S.K.: 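Okay, handing you the structure first.
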Amino acid sequence: MTKYMPAKFESKWIKNWDKKKIYKTESVKDKKKKKYILVMFPYPSGSGLHVGHVRIYTGTDVIARYFRMKGYSVLHPIGWDAFGLPAENAAIKAKKNPQDLVPRNQENFKRQMKMIGLSYDWDRELSTADPNYYAITQWLFIQFFKLGLLYKTQTPVYFCPFCKTGLAEEEVLPDGTHERCGKPITRKLLPQWIFKITDYGDSLLKTLNTLDWPKGILEMQKNWIGRKEGIEITYDVVQDNEKVDTITCFTTRPDTNFGATFIVIAPEHKFVTKILQGKIKVDKKTKEKVDEYVKKSLAKTDLDRIAEGKEKTGVFTGFYAVNNLNGRKMPVWISDFVLSEFGTGAVVGVPGHDVRDFQFAKKFGIEIIRVVKDKDGNAGPIKDEKDVQEDEGIMINSEFLNGLNIHKATKVMMDYLEKKGWGERKVSYHLRDWIFSRQRYWGEPIPMVYCEHCAKKGISWYSLHKNDVLKKEYQSNTKLYQNITERWGKNSKDMAGWFPIEEKSLPLKLPYVDNYKPSATGQSPLAHITEWTQTKCPVCGRKAVRETDTMPNWAGSCWYFLAFTFWNKEGVVKKKGEQVSRLWANKVKNSVKKWMPVDWYVGGAEHAVLHLLYSRFWVHALNDMNLVNFREPFMKLSNVGMVLAGDHKKMSKSLGNVINPDDVVKEFGADALRIYEMFMAPFDQEIAWSNKALQGAYRFLKKIWQIYHSIDNLTNNAKDEDKDLLAKLQTTIAKVEQDITNVKFNTAIAKMMEFVNEWTNKKLSEQNAKKFLKVLSPFAPFITEEIWQSVFEEKESIHLSTWPKVVIKTTNLRIKIPIQVDGKVRDIITINKEMSEKAVIEIAMNSQKIQKYLKNKKFKYIYIKNKIINFVLLKK
RNA sequence: GCCGGGGUGGCGGAAUGGUAGACGCGCAGGAUUUAGGAUCCUGUGGGGUAACCCGUGGAGGUUCAAGUCCUCUCCCCGGCACCA
């Protein structure tokens with residue numbers, strides 16, 4: 001008998017499948033019979049495929065293969081998330097231009113993906129750094145710009161001094177470090193492109209419950225959006241009984257407003273700016289103190305703020321705000337515990353019912369009033385942090401609210417404040433607008449130019465197009481029309497002189513340059529290439545300059561799932577000057593309609609509020625623009641757990657604990673690697689690498705090899721076939737099928753192992769042996785193909801065959817059932833599935849073991865058909 | 001602090017309220033081998049010679065029957081967090 005030597009045949013099949021294009025996407029005939037199975041595409045950065053990649057790609061591959069065999073048209077593509085920091089940092093480290101390095105990495109990834117037998121349709125391979133691809137990314141940028149969702153403004157941003165680039169909120173880790181490089185982050189004031197994702201907060205929240213996603217991810221998105229209903233209350237600010245200004249505070253607890261004793265505003269608040277600019281007069285000493293405090297807090301990094309903990313700091317402005325409810329004059333303080341980005345950047349302090357307010361009041365000797373009594377009716381003074389009462393209770397000391405519970409009181413107060421014109425109901429979000437500029441080389445150039453001449457004249461794209469686009473396309477959708485108009489109004493001043501480049505000049509190519517390293521100035525390396533930056537104004541034809549910031553890493557991945565539906569080997573926008581809008585209208589819309597949404601998306605949970613939120617946002621906006629006909633891109637989502645090293649640490653070069661898939665395949669073959677990673681644990685759980693367990697997977701495959709090459713296990717004569725084994729085959733097929741669709745690959749493989757164990761000393765007909773081979777094939781595509789074509793001499797690939805049907809014969813099946821006495825198993829008997837209850841009980845009662853317990857006792861019994869018998873002894 | 005997910009042999013993990021520990025690893029004994037590795041067979045939750053008893057983080061409860069359902073509680077992991 002030949003030995004199982006995967007190296008002998010695996011590479012043969014790779015070539016064969018490639019040549020015959022057996023994984024080519026079938027076109028969709030019936031939308032109900034299509035499956036778009038997508039796995040998050042990789043950054044082709046460092047040293048090739050990680051065993052963690054192997055796990056996620058194999059799992060998704062199993063699903064795709066299964067649906068193909070079930071007769072679905074399956075779209076299962078892959079590409080490269082080539083732009084962005086990971087690739088660029090790797091290139092800098094290797095002292096290579098990313099334009100040269102990245103394609104090389106891609107080739108290596110591709111070789112390894114084929115090596116482990118992934119069934120991608122390589123004709124649809126795409127790269128986000130391909131000009132044919134980013135021509136469309138840039139075009140989409142322009143569409144979002146036109147919708148008013150993208151605008152440029154001076155903003156304080158998170159800035160990574162190491163990567164020398166601005167970052168989005170989501171890229172900053174809780175400890176104040178950069179998600180990509182782990183270095184501490186500071187803030188910097190930079191002109192930035194801002195994506196107004198907050199306008200889609202409600203929209204993104206609304207359809208969340210239509211998604212079949214892991215609960216945790218849905219919760220994370222919900223919390224990240226963080227919708228809060230509250231009210232903005234505007235207070236008059238007075239000095240010596242004279243009104244000098246107003247301050248508006250956002251609160252979700254207006255019910256406690258009779259207990260408000262002070263106002264705190266963020267150091268960035270405009271009232272503070274007015275003081276510092278002298279627009280509001282204060283004495284010299286106060287101004288100095290305010291100035292000092294503000295400077296100090298703005299200089300703090302996030303790390304400093306965290307290190308400082310909950311210790312409150314602040315400075316008194318000398319002003320008072322008047323609470324209209326009771327005429328109380330509340331001192332106005334400045335403190336950096338108030339966030340300028342949330343609500344209005346101003347907080348009304350209710351120290352009796354908010355721990356932070358309490359800490360502040362306590363530290364600066366401000367009065368503390370109780371306006372809610374707790375569950376136990378406690379209405380005593382609040383002296384300690386423990387006494388602060390934030391939860392349920394009944395209102396006291398609050399005039400017309402007294403006696404109401406806090407929820408009712410909140411509503412009554414809101415109505416009252418609105419009626420009086422002192423407040424207005426508002427919704428606030430935790431979600432912040434998305435900073436879309438990166439001061440880096442390796443990204444899509446932003447397709448915008450700035451014309452100083454037009455800027456001076458106050459001409460903006462919005463002012464030029466006010467009457468055409470907006471009116472025609474969006475007027476029917478009132479809410480959207482209103483939003484767009486509002487955004488245009490807000491943006492037009494900042495955006496004077498900014499125009500998108502003409503569509504026919506897309507793609508705006510990223511120039512190949514020698515100096516691609518980030519500069520310390522906070523400017524992109526592109527800013528130094530004058531021949532690239534200088535251009536003509538598309539409006540007045542005078543000299544203009546290009547935007548030199550690039551788009552963030554996330555841009556390309558926000559629509560790649562749409563691209564796969566129509567992409568082909570040659571790229572798509574290959575003819576110079578081909579209009580993307582025409583391409584979209586003719587080709588894209590149509591293919592997207594056929595394939596989208598993605599039926600099943602697989603990826604790591606780390607993208608919960610990054611890629612998964614950004615992509616949803618793009619699709620929502622594209623849907624509003626009528627560029628796609630659906631609102632949610634990913635109907636079902638599965639997560640994958642990480643693959644750790646054997647020591648339960650993350651694999652890293654510096655720790656020397658990295659497992660290279662190339663080595664594993666060389667020694668054990670791709671199938672063993674696949675089976676091992678699918679078998680180790682449930683798919684969404686993390687696993688630690690174990691060479692021993694890998695051996696187990698290898699042994700399993702070896703056993704299969706032997707069985708299929710042994711005349712003791714196979715027969716041409718159906719009569720010689722073992723009937724119990726045949727029955728087991730049927731349950732195995734059913735179980736594997738069910739487990740694949742439930743992402744329980746581990747138990748699917750366990751079941752197949754069980755079947756093979758039983759098979760070792762029994763015979764199966766060739767016809768049924770082929771069925772088992774098919775069931776195994778999504779997991780182990782190489783060995784199954786080899787046996788299929790060499791042992792059974794089949795001419796067409798097993799991967800083009802159809803999934804076996806389950807035929808369960810129920811008659812005359814012998815099964816074992818336990819017999820309990822008082823809930824404890826005392827014996828196990830064998831019965832026929834069709835036996836009557838009476839017959840079964842008779843067998844049970846004839847058991848000596850059972851008789852021992854029932855002798856001279858009164859009892860009743862409970863019989864669950866084909867499951868269990870329980871004899872219950874009755875007390876006298 | 002808030003929101004999610006979990007606690008089952010020596011280990012990874014199985015169990016529509018119905019035989020707890022499938023399957024794999026490891027371990028033990030045996031076969032084969034000059035030896036080791038590899039391979040194959042048998043056994044393997046704990047206690048007990050045995051009959052049996054005890055066992056799914058802990059304490060209660062519901063049920064003929066609870067890892068699974070309910071109440072309380074402890075611990076671990078992930079996310080968010082000075083968000084008013």
Side-chain angles (χ1 to χ4, degrees), chain A residues 3 174 214-224 226-228 230 249-254 256 264 266 305-306 308-312 335-339 341-350 353-357 359-360 390 428-432 605-606 608-609 639 641 675-676 679-682 684-700 702-703 706 735 744 746-757 760-761 816-828 849 852 859-874:
Chain A
K3 268 175 84 181
K215 203 175 166 190
I217 306 281
L218 291 173
E219 280 303 308
M220 272 190 238
Q221 287 221 348
K222 196 176 149 202
N223 292 341
W224 190 262
R227 184 180 199 274
K228 289 205 180 82
C249 299
F250 176 79
T251 178
T252 55
R253 292 289 308 275
T256 61
V264 218
R305 285 188 183 220
I306 290 155
E308 217 169 59
K310 309 259 186 249
E311 186 63 32
K312 299 285 180 289
S335 174
D336 61 12
F337 89 83
V338 178
L339 305 171
E341 313 88 28
F342 185 78
T344 58
V347 171
V348 50
V350 185
H353 304 283
D354 182 290
V355 172
R356 294 152 306 176
D357 294 351
Q359 289 161 344
F360 193 82
E390 292 182 329
S428 269
Y429 298 91
H430 168 261
L431 184 70
R432 303 286 143 77
E606 68 274 15
V609 292
N639 288 139
I675 294 279
Y676 160 68
F679 177 63
M680 267 301 273
D684 58 358
Q685 206 167 303
E686 74 177 22
I687 57 174
W689 190 264
S690 157
N691 275 320
K692 289 284 188 182
L694 173 65
Q695 291 261 3
Y698 183 73
R699 261 176 234 148
F700 168 58
K702 203 160 73 177
K703 213 180 261 181
Q706 282 163 355
K735 173 77 173 156
K744 290 165 111 185
N746 56 331
T747 47
I749 292 170
K751 190 75 186 176
M752 290 190 279
M753 286 173 167
E754 242 181 87
F755 176 74
V756 170
N757 289 345
T760 39
N761 48 21
K816 285 176 176 174
I817 62 162
I819 308 165
Q820 297 181 331
V821 178
D822 272 347
K824 285 187 178 161
V825 179
R826 298 301 181 186
D827 199 7
I828 289 164
K849 285 184 190 167
K852 198 171 90 186
F859 62 87
K860 62 170 186 174
Y861 67 85
I862 286 155
Y863 174 57
I864 310 293
K865 194 169 193 254
N866 295 336
K867 274 270 157 78
I868 201 164
I869 302 165
N870 191 5
F871 288 101
V872 185
L873 302 179
L874 300 168

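Chain A is the first sequence line, chain B the second, and so forth, proteins listed ahead of strands; every chain is numbered from 1. Keep in mind the model is a prediction, meaning the values are calculated, not measured.
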S.K.: Using Watson-Crick or G-U wobble geometry with both distances below 3.5 Å, tell me the partner of B:C72, or none.
M.R.: B:G58
S.K.: Ignoring backbone atoms, test whether A:Lys215 places a side-chain nitrogen or oxygen under 4.0 Å from the OP1 or OP2 oxygen of B:G4.
M.R.: no
S.K.: So, OP1 or OP2 of B:C80: does either fall under 4.0 Å of a side-chain N or O from A:His430?
M.R.: no
S.K.: Is any N or O donor-acceptor pair between the side chain of A:Lys867 and the base of B:U16 shorter than 3.5 Å?
M.R.: yes
S.K.: Taking B:U68 as the reference, what is the distance to B:G57 when you measure between their C1' atoms (whole Å, please)?
M.R.: 16 Å
S.K.: Return the pairing partner of B:C80 with a 3.5 Å limit on both distances, Watson-Crick or G-U wobble; otherwise return none.
M.R.: B:G1
S.K.: Please work out if A:Lys744 contacts a base, only the sugar-phosphate, or nothing of the nucleic acid, heavy-atom cut-off 4.0 Å.
M.R.: sugar-phosphate
S.K.: Who is the Watson-Crick or G-U wobble partner of B:G67, with both distances under 3.5 Å?
M.R.: none
S.K.: Could you check whether A:Lys751 gets within reach of a base, just the sugar-phosphate, or nothing at all, counting any heavy atom under 4.0 Å?
M.R.: nothing
S.K.: Mind calculating the distance between CG (A:Leu694) and C1' (B:G26) to the nearest angstrom?
M.R.: 15 Å
S.K.: Of the non-hydrogen atoms in A:Ala697 and A:Ile675, which two are nearest, and what is the gap between them?
M.R.: CB-CG2, 3.8 Å
S.K.: With under 30° as parallel and over 60° as perpendicular, where do the rings of A:Phe360 and A:Phe337 fit, or are they tilted in between?
M.R.: tilted
S.K.: Check whether the side chain of A:Lys222 and the base of B:C3 form a donor-acceptor pair under 3.5 Å.
M.R.: no
S.K.: Students often get this wrong, so: under 4.0 angstrom with heavy atoms, is A:Pro682 touching a base, only sugar-phosphate, or nothing?
M.R.: sugar-phosphate
S.K.: When you match A:Ala697 and A:Pro818 each to their closest nucleotide on RNA chain B, which lands nearer the 5' end?
M.R.: A:Pro818
S.K.: Looking only at heavy atoms, which two atoms of A:Gly343 and A:Ser428 are closest? And how far apart?
M.R.: CA-OG, 3.7 Å
S.K.: What is the distance from atom CZ of A:Phe342 to atom NE2 of A:His430, rounded to the nearest 0.5 Å?
M.R.: 8.5 Å
S.K.: According to a strict under-4.0 Å criterion, is A:Asn746 in side-chain N/O contact with OP1 or OP2 of B:G12?
M.R.: no
S.K.: Considering every strand and a 4.0 Å limit on heavy-atom distances, what is the contact class for A:Arg227: base, sugar-phosphate, or nothing?
M.R.: nothing
S.K.: May I ask you to verify if any side-chain N or O of A:Lys692 is less than 4.0 angstrom from the OP1 or OP2 atom of B:G24?
M.R.: no
S.K.: Rounded to the nearest Å, what distance is computed from the CG atom of residue A:Asp684 to the P atom of nucleotide B:C77?
M.R.: 18 Å
S.K.: Would you say B:A38 has OP1 or OP2 under 4.0 Å from some side-chain N or O of A:Arg699?
M.R.: no
S.K.: Identify whether any heavy atom of A:Asn757 sits under 4.0 Å from a base atom; if not, whether one sits that close to sugar-phosphate; answer base, sugar-phosphate or nothing.
M.R.: sugar-phosphate
S.K.: Within the 4.0 Å heavy-atom criterion, would you say A:Gln820 contacts the bases, only the backbone, or no part of the nucleic acid?
M.R.: base
S.K.: Taking for each residue the nucleotide of RNA chain B bearing the nearest heavy atom, is the 5' side occupied by A:Ile217 or by A:Arg826?
M.R.: A:Ile217
S.K.: Need one value for A:Gly696: base, sugar-phosphate or nothing, where a base atom within 4.0 Å counts as base even if backbone is also close, heavy atoms only.
M.R.: sugar-phosphate
S.K.: Do A:Val872 and A:Asp822 have side chains that approach each other closer than 4.5 Å (heavy atoms only, starting at C-beta)?
M.R.: yes
S.K.: Where do A:Gly823 and A:Asn870 come nearest, in terms of heavy atoms and distance?
M.R.: N-OD1, 3.1 Å
S.K.: Classify the glycosidic conformation of B:G9 as syn or anti, calling it syn when the angle lies within 90° of 0.
M.R.: syn
S.K.: Describe the nucleic acid contact of A:Gly216 in one word from base, sugar-phosphate, nothing, applying a heavy-atom distance below 4.0 Å.
M.R.: sugar-phosphate
S.K.: What does A:Lys852 touch in the nucleic acid at a heavy-atom separation under 4.0 angstrom: a base, only the sugar-phosphate, or nothing?
M.R.: sugar-phosphate
S.K.: Using a cut-off of 4.0 Å on non-hydrogen atoms, how would the nucleic acid contact of A:Asn870 be classed: base, sugar-phosphate, or nothing?
M.R.: base
S.K.: If you look at every strand shown and take non-hydrogen atoms under 4.0 Å, does A:Lys824 touch a base, only sugar-phosphate, or nothing?
M.R.: sugar-phosphate
S.K.: Do the side-chain N or O atoms of A:Gln685 get closer than 4.0 angstrom to the phosphate oxygens (OP1, OP2) of B:G13?
M.R.: yes
S.K.: Return the pairing partner of B:A28 with a 3.5 Å limit on both distances, Watson-Crick or G-U wobble; otherwise return none.
M.R.: B:U42
S.K.: Base, sugar-phosphate alone, or nothing: which one does A:Thr252 contact when heavy atoms must sit under 4.0 Å apart?
M.R.: sugar-phosphate
S.K.: Is there a Watson-Crick or G-U wobble partner for B:C52 with both distances under 3.5 Å, and which nucleotide is it?
M.R.: B:G47
S.K.: Determine the contact category for A:Val347: base if any of its heavy atoms lies under 4.0 Å from a base atom, sugar-phosphate if only primed atoms, P, OP1 or OP2 are that close, otherwise nothing.
M.R.: base
S.K.: A side-chain contact here means heavy atoms from C-beta on lying under 4.5 Å apart; do A:Ile749 and A:Lys751 qualify?
M.R.: no
